[in-house]
Amino acid sequence: MKKIINDPATVVVDALRGMALAHADLLEVRYDPAVVVRADAPVPRKVAVISGGGSGHEPLHGGFVGRGMLDAACPGAVFTSPTPDQVAAAVARTDGGAGALLIVKNYTGDVLNFETAGELAAADGVDVRTVVIDDDVAVKDSLFTAGRRGVGGTVLLEKIVGAAAERGVDLDGCEALARRVVARVRSMGLALTACTVPHAGEPSFTLADDEMELGIGIHGEPGRRRVPVGSAEEMVAALLDPVLEDLPFQEGDRVLLFTNSMGGTPLIELYLAHGIAERLLVERGVVVERRLVGPYITSLEMQGMSLTLLKLDDEMLELWDAPVHTPALRWGV
Amino acid sequence: MKKIINDPATVVVDALRGMALAHADLLEVRYDPAVVVRADAPVPRKVAVISGGGSGHEPLHGGFVGRGMLDAACPGAVFTSPTPDQVAAAVARTDGGAGALLIVKNYTGDVLNFETAGELAAADGVDVRTVVIDDDVAVKDSLFTAGRRGVGGTVLLEKIVGAAAERGVDLDGCEALARRVVARVRSMGLALTACTVPHAGEPSFTLADDEMELGIGIHGEPGRRRVPVGSAEEMVAALLDPVLEDLPFQEGDRVLLFTNSMGGTPLIELYLAHGIAERLLVERGVVVERRLVGPYITSLEMQGMSLTLLKLDDEMLELWDAPVHTPALRWGV
Amino acid sequence: MACTAESVAEALRAVAAVVVEHREELIRLDREIGDGDHGENMARGFTALVSKLDEVPSSPGGVLRLAATTLISTVGGAAGPLYGTAFLRAATSVGDVADLDGPAVAAALRAALDGVVARGKAALGDKTMVDALTPAVAAAESVAVTGGGVAEVLGAAADAAEMGADSTVPMVARKGRASYLGERSAGHLDPGARSTALLLRTLAGRAR
Amino acid sequence: MACTAESVAEALRAVAAVVVEHREELIRLDREIGDGDHGENMARGFTALVSKLDEVPSSPGGVLRLAATTLISTVGGAAGPLYGTAFLRAATSVGDVADLDGPAVAAALRAALDGVVARGKAALGDKTMVDALTPAVAAAESVAVTGGGVAEVLGAAADAAEMGADSTVPMVARKGRASYLGERSAGHLDPGARSTALLLRTLAGRAR
Ligand SMILES: Nc1ncnc2c1ncn2[C@@H]1O[C@H](COP(=O)(O)OP(=O)(O)O)[C@@H](O)[C@H]1O
Ligand SMILES: Nc1ncnc2c1ncn2[C@@H]1O[C@H](COP(=O)(O)OP(=O)(O)O)[C@@H](O)[C@H]1O
Ligand SMILES: [Mg+2]
Ligand SMILES: [Mg+2]
Ligand SMILES: [Mg+2]
Ligand SMILES: [Mg+2]
């Protein structure tokens, strides 16, 4: 394992220190428990939008803290859900009197820890709502499993709900909007290489030189199947087809297309994949109204990509375009 | 080699198509010859700021095209200088009557191709100036070699000169400013892993599991020496010390610190390294006024990082803060 | 043999040592069908607990409550809230008696299991820690009703937990991260079931 | 034996085939002390030239000029402007005569070398294509003054270029990307010197 770290046990805190220095104008970082908070929190009478999860997916979530997106992020250990006291501290620090919306990616650990945190915060008299996002079509949805994972759609959800909260939409409105986004967003990813969690010291799985894992999760969880590496054209189609079929997205639908790098895939390949995805969508009559291309929800140094499609309505479109000022997304300000 | 590509021979053009779709509001892409141009070019009476170089360093340079930075970028084949006709086309397309400044990284191929292009453009009656950037302290500067390479400082140079041109500074002023930036910026990088150029199909070099290449160039050119991998603390010091000594940077100096990923290093490690670099600078009494952290000048999927320090003056500081609106850097608008 | 606050604390220190010792094994098991952090999570949590135990609460229930809150705020992942809930329910079950007997321990284990199921909604056969804990509780109860002491109760629980953990190998996971693997999860030992068995075996060893 | 526009074009088509054939070798050499693109750059440029030669210009000079502009706009890297300049100067040197003789070829080679040196500023011993081209020109000139024809001139040039290329192996690079390696560049054949030798050997073969 070759990594730019001092000690696997302190990676998250060490990285938070650097992040705090890099973005002192936008963020305040607290360490015990670890929480990343927007610099001007709490914002009076604004719904606090809070998320969190294991570290190693940067910029998610800390990189999305700031005006127009998240009020706070709770970074767990690498690939490990944060603990309830982190979430409770985030709520306490950002509650402006209008309640808090917790955005939780659907993993057992995240759900259970946020659930406990919600109980703690409710006991403190804060109106807390939880929205679970489960946009990964690679995993079969079933009552008898942990269900679908939350992946790329999380970024879009945080941006859109964050914009609504910034405009003064109340907790009921934010929650309803969040559920609408969850209902309309779908993703799928693939991995060309595995990543190595610092405390594990070895790659999470092994792929042959000509194999890729189709339907990979963001913690290196396996997906639908292991298949031979194909051309970019084939890879993009292998992601896009299941995503399109699932909702389904149809001719005439207006969408936001999010082409995401798993971390180790260079931008040149990502743009190349994005171009193919847009062309395939145009061929099916799906209208790409907005796009996001880059490494926004990653798995450490894993090579691979994911595609996320959100079926836009006018309100979501407007909220997507609304100003945002965070380390990782910034426009309109 | 596992990459998201269709054909090594068409990677650059295929990626440009995706980039054009992703950023249609900011850019226009021309293909024969390949040039990325800001959407509103030519801007009347503004100096055209143009750069270019081999592809595979994305977002450099195409990701820096837009208001307040570059008017055009000329993407060569992967890791291969662009050709003179690309540069000449960029000049012709962006010349607003105030001349053009060519920003050239100091590599023999880039220098020769831009030189030829400059001659072509001058023959067309455009006032063209060339500024060569050579900020990499890993390579010994000598009259008897190709000299130092242009690396991370290029990003800062393009931002600052781009802002000046946007404000209406004339060609003489832009050229003088550019030379001042070049005189005050220094960088050094290291690689933990090699990258694979698509048409080569194999990694550019091999490093043992416990080795890193100190002083790496952005095309995988070797640097000062191959050394055992150390802690992040040691790695950052190994980059920072030669950079500080070279100019030298001294107590009380105000600097911009740019912590760059070579592409494959995840953000969590980069923030961690950035935190160490800032602390070491504070310990030496160097004042970090601004910072940039991210993958801005990369070597495909190479894991590693570089540090760049620019000794700021008031004018540079103001120009750094000035609005910029490009795919990769965006603020103030 | 007494089962006081101090002896429970001592037993939990021993658990911490065992968890740290098996850290890599649990990581490896979790890498096979999860995300490879279970050993790290447990080691982090129990190490934190050891330093909290510098001051031992006055009752066994107090020690279990301290374990619960510490694990909840340091383990993270799925295991954190699940083990945390287990200890919390166990603490509530034992109340503030000063010295636990066999039936009290069996009842505490039952409460722990109920807490895990309430929180995680896993059933027997879902390939989770529930598959280790369920037979452990049954065994503990049958020993306790026939008059077994703490050592016998925990010994029976540990034996059953180990068999229960082993029984997860052929199972197809239906809960937690391993469920994403579907059929591919069969053939692997569930890391949480393994850590439950380790924990009970260590407690049993200390009760002797 | 004639050295007309058509035969120069045919010789350049042969060069293209040889360059494509040696693409991997040149990539490998450039990976050792450069950035691994020389074979790709040359193959791209000469392949482009072949398609431009569907219409052959009317004089050898015209063919060389077409080669120059094509290579300049398709090769990129250091080799593009250097080979481009070489062909451009050679074209100027031969003017618009219809059939080249030995002395004309030798003079064209001299002009090419002068162009490469003017552009790249490399001296003998810097471990570049100049180390292949310089002895090639000297050999070509000495054969030409003693009445050698095109085939003899090019044959001597190719022999000398191959020896010159080989002489780059022990050299420490002082120009181009290999110079970053310093002492570590010794022990490797310079890719540009190798491509120059390949080019001259192929031209010599066609002149026979
Ligand atoms: N719903 C659940 N009910 C009971 N136990 C569960 C459940 N989900 C997961 N587990 C247990 O948690 C273990 C994994 O813990 P850990 O690796 O620490 O958390 P994570 O899966 O979040 O990375 C599994 O091996 C399993 O025994
Ligand atoms: N200044 C120079 N003068 C002459 N030849 C040079 C010079 N610099 C580089 N070369 C030649 O160019 C070759 C490399 O070409 P190529 O790999 O295509 O370009 P790049 O180095 O830009 O990748 C070297 O092997 C060397 O022979
Ligand atoms: Mg986990
Ligand atoms: Mg090159
Ligand atoms: Mg786990
Ligand atoms: Mg090269």
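Since this is a predicted model, take the numbers as computed values, not measurements. Within every chain, numbering begins at 1; the chains are lettered A, B, ... in the order of the sequence lines, protein sequences first and strands thereafter.
- No more than 12 heavy atoms of other residues, nucleotides or ligands lie within 6.0 Å of CG in B/Asp209, so this atom counts as exposed by the packing criterion.
- Between D/Arg184 and B/Glu213 there is a salt bridge, since at least one side-chain N of the basic residue sits less than 4.0 Å from a carboxylate O of the acidic one.
- Heavy-atom minimum distance, D/Gly36 versus B/Ala200: O-CB, 4.4 Å.
- Heavy atoms closer than 4.5 Å to chain D are found in both the backbone and the side chain of B/Asn113.
- Looking only at heavy-atom pairs under 4.5 Å with chain D, the residue among B/Pro84, B/Pro33, B/Gly76 that has the most is B/Pro84.
- Interface check for chain B: of the options D/Glu40, D/Arg28, D/Glu32, D/Arg23, the most heavy-atom pairs under 4.5 Å are formed by D/Glu40.
- No more than 12 heavy atoms of other residues, nucleotides or ligands sit less than 6.0 Å from atom CG of D/Asp96.
- Your options are D/Ala79, D/Gly176, D/Pro81, and the one with the most heavy-atom pairs under 4.5 Å with chain B is D/Pro81.
- Formation of a donor-acceptor pair under 3.5 Å by the D/Asp37 side chain with backbone atoms of B/Val78 is not found in this model.
- Shown here for D/Ala78 and B/Ser81, the closest heavy-atom pair between the two residues is N-OG, 4.5 Å.
- For the atom pair OG1 (B/Thr83) and CG (D/Leu71), the distance works out to 11.5 Å, reported to the nearest 0.5 Å.
- More than 12 heavy atoms of other residues, nucleotides or ligands shown are found within 6.0 angstrom of CE on B/Met1.
- Residues D/Arg119 and B/Thr116 meet the side-chain proximity criterion, which asks for heavy atoms closer than 4.5 Å.
- Interface check for chain D: of the options B/Glu115, B/Gln86, B/Arg149, the most heavy-atom pairs under 4.5 Å are formed by B/Arg149.
- For a residue to count as touching a neighbouring chain, one of its non-hydrogen atoms must lie under 4.5 Å from one of that chain's; by this rule D/Thr69 does not touch chain B.
- Within the 4.5 Å cutoff, the side chain of B/Thr108 has no heavy atoms near those of the D/Arg177 side chain.
- The structure places OH of D/Tyr180 at 12.0 Å from CZ of B/Arg148, a figure rounded to the nearest 0.5 Å.
- Only the backbone of B/Pro203 comes within contact range of chain D, judged by heavy atoms closer than 4.5 Å.
- Most heavy-atom pairs under 4.5 Å with chain B: of the set D/Ile72, D/Asp35, D/Ile33, this distinction falls to D/Ile72.
- Between D/Arg31 and B/Glu202 there is a salt bridge, with a side-chain nitrogen of the basic residue lying less than 4.0 Å from a carboxylate oxygen of the acidic one.
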